[in-house]
Colleague: 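Sharing a structure below in structure tokens format, with a few things to ask.
One-based numbering along the sequence shown. All heavy atoms count here, side chains included; hydrogens, waters and symmetry mates do not.
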Amino acid sequence: MADQRILVTGRGGFIGRPTVRALERQGFTVHDGPRRDLLTPKDRADLIKEANADILLHLAWVTEHGKFWTSPLNAAWEEASLDLFRRFYDAGGGRVVATGSCAEYDWSTGAEAFDEADPLNPHTEYGAAKLRTGQALVQIAAEFDRSAAWARLFFMFGPGEPLTRLIPLMITATRSGDRIECGPADTIRDFWHVDRLGQALALLAASNLDGPVNLGSGQPIRFDQVGAIIEEVFAASGCICLDRRPLGQGEPIRLIAGTRRSAELGLPVADLKADLVAYCRTFGN
């Protein structure tokens with residue numbers, strides 16, 4: 001990929017930083033120009049022109065934890081993203097990879113693992129905006145006869161994530177000997193270290209996979225298992241108090257990525273416990 005130039009939006013964020021490192025290891029030349037306000041049409045146009053990239057990896061979106069589900073900025077980012085895709089293809093760009101969410105799926109189906117072909121019925125404005133953006137990207141790519149992949153992300157942890165997310169809250173409480181009240185112990189989620197996600201996004205950018213592609217570990221883990229690993233690292237007990245609060249309205253008890261399509265990327269199977277233990281031991285460093 002030494003001859004491939006890639007433009008990464010959101011490159012300074014939680015997902016962006018490890019993704020850029022993975023792209024550079026893979027031989028991509030990552031555009032490193034000045035940051036732009038992508039909600040401004042002129043800045044989008046200037047960015048496309050100065051990057052002169054072969055591939056666009058679009059990660060930027062409203063991400064403020066706890067607020068992005070209902071933020072009015074979801075609509076603004078949807079509009080800006082579609083304009084960005086058109087401008088990129090119109091300037092001669094060949095491939096777009098952009099990030100969606102597991103929140104696009106119909107969570108009420110009770111699926112053991114969500115496959116890309118499963119029903120889509122978002123329960124939040126965030127999920128709905130992501131779904132519309134992904135569907136429009138596929139259509140725009142077809143109009144220009146270009147390539148596009150839509151990466152539906154599941155749950156990540158790792159350095160740089162907001163401290164108000166579940167795993168950092170569990171670690172912070174356990175390390176200090178405090179208590180934290182959490183949701184049902186039998187809640188099952190698909191957690192993945194953000195470095196592995198970065199590797200997957202870099203591989204997806206370099207691949208020929210088109211359309212929706214789930215990116216997650218595919219490994220189910222319960223909240224009580226996550227808590228037990230964290231408490232074991234810090235030789236603590238009783239800090240993570242489960243079954244103290246309900247899941248949010250519409251949230252399923254089980255939410256796991258089907259990895260049928262992402263398996264084609266050849267990413268090594270994650271050792272989830274080892275990754276979580278390592279994160280605990282370096283947390284805050």
Colleague: How does the hydrophobic cluster around Val138 look, that is, which other residues are in it when side-chain heavy atoms under 4.5 Å mark a link?
Modeller: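 Noted: Val138 shares its cluster with no other residue.
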
Colleague: Could you list all the side chain to side chain donor-acceptor pair (under 3.5 Å) pairs where at least one residue sits in residues 260-273, not counting sequence neighbours?
Modeller: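 Of all non-adjacent pairs touching residues 260-273, those that pass side chain to side chain donor-acceptor pair (under 3.5 Å) are Asp115-Arg260.
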
Colleague: Mind checking salt bridge (Lys or Arg N to Asp or Glu O under 4.0 Å) for Glu79 and listing every partner two or more places apart, or none if nothing turns up?
Modeller: none

Colleague: Holding to side-chain contact (heavy atoms from CB on, under 4.5 Å), I want the full list of residues that pass it with Ala60, two or more places apart in sequence or in another chain.
Modeller: Thr9, Leu38, His58, Trp77

Colleague: With Arg17, which residues qualify under salt bridge (Lys or Arg N to Asp or Glu O under 4.0 Å), at least two apart?
Modeller: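 Arg17: no salt bridge (Lys or Arg N to Asp or Glu O under 4.0 Å) contacts found.
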
Colleague: Name the atoms and distances for all side-chain donor-acceptor pairs under 3.5 Å in residues 169-178, with sequence neighbours left out.
Modeller:
| residue | atom | partner | partner atom | Å |
| --- | --- | --- | --- | --- |
| Thr172 | OG1 | Pro168 | O | 2.8 |
| Thr174 | OG1 | Met170 | O | 2.8 |
| Arg175 | NH1 | Phe283 | O | 2.9 |
| Ser176 | OG | Thr172 | O | 2.9 |
| Ser176 | OG | Ala173 | O | 3.2 |
| Ser176 | OG | Asp178 | OD2 | 3.0 |

Colleague: Tell me which donor-acceptor pairs under 3.5 Å the side chains of residues 152-161 have, and how far apart each pair is, sequence neighbours excluded?
Modeller:
| residue | atom | partner | partner atom | Å |
| --- | --- | --- | --- | --- |
| Arg152 | NE | Glu104 | OE1 | 3.0 |
| Arg152 | NH1 | Tyr105 | OH | 3.2 |
| Glu161 | OE1 | Arg165 | NE | 2.8 |
| Glu161 | OE2 | Gly158 | N | 3.0 |
| Glu161 | OE2 | Tyr279 | OH | 2.8 |

Colleague: If the condition is salt bridge (Lys or Arg N to Asp or Glu O under 4.0 Å), which residues does Asp54 pass it with, not counting sequence neighbours?
Modeller: none

Colleague: How many angstroms lie between CD1 in Ile253 and CG in Asp186, if you round to the nearest 0.5 Å?
Modeller: 4.0 Å

Colleague: Among all residues two or more places apart in sequence or in another chain, which pass the side-chain contact (heavy atoms from CB on, under 4.5 Å) test with Val269?
Modeller: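 Once residues adjacent in sequence are excluded, the partners of Val269 under the side-chain contact (heavy atoms from CB on, under 4.5 Å) criterion are Gln219.
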
Colleague: How about CD on Glu143, more than 12 heavy atoms from neighbouring residues, nucleotides or ligands closer than 6.0 Å, or not?
Modeller: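 Result for CD/Glu143: enclosed.
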
Colleague: Residues two or more places apart in sequence or in another chain: which of them pass side chain to side chain donor-acceptor pair (under 3.5 Å) with Gln199?
Modeller: none

Colleague: Using a 4.5 Å cut-off between side-chain heavy atoms of Ile, Leu, Val, Met, Phe, Trp and Tyr, which other residues end up in the same hydrophobic cluster as Ile188?
Modeller: Ile256

Colleague: With Lys49, which residues qualify under side chain to side chain donor-acceptor pair (under 3.5 Å), at least two apart?
Modeller: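 Counting only residues at least two positions away or on another chain, Lys49 forms no side chain to side chain donor-acceptor pair (under 3.5 Å).
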
Colleague: Between Glu125 and Arg132 (salt bridge meaning N to carboxylate O under 4.0 Å), is one present in this structure?
Modeller: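 Yes, Glu125 and Arg132 are salt-bridged.
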
Colleague: Apply salt bridge (charged side-chain N to carboxylate O under 4.0 Å, His left out) to the pair Arg95 and Asp210, showing each step before the final yes or no.
Modeller: CA-CA 9 Å; Arg95 177 168 171 79; Asp210 280 343; 3.0 Å; yes

Colleague: Rounded to the nearest 0.5 Å, how far does CZ of Arg36 lie from CZ of Arg44?
Modeller: 12.5 Å

Colleague: Check the pair Tyr126, Trp61 against side-chain contact (heavy atoms from CB on, under 4.5 Å), reporting the backbone distance first and the verdict last.
Modeller: CA-CA 10 Å; Tyr126 168 77; Trp61 197 273; 3.8 Å; yes

Colleague: Can you confirm whether Arg11 sits close enough to Asp32 that some side-chain heavy atom of one is under 4.5 Å from a side-chain heavy atom of the other?
Modeller: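 They are in side-chain contact.
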
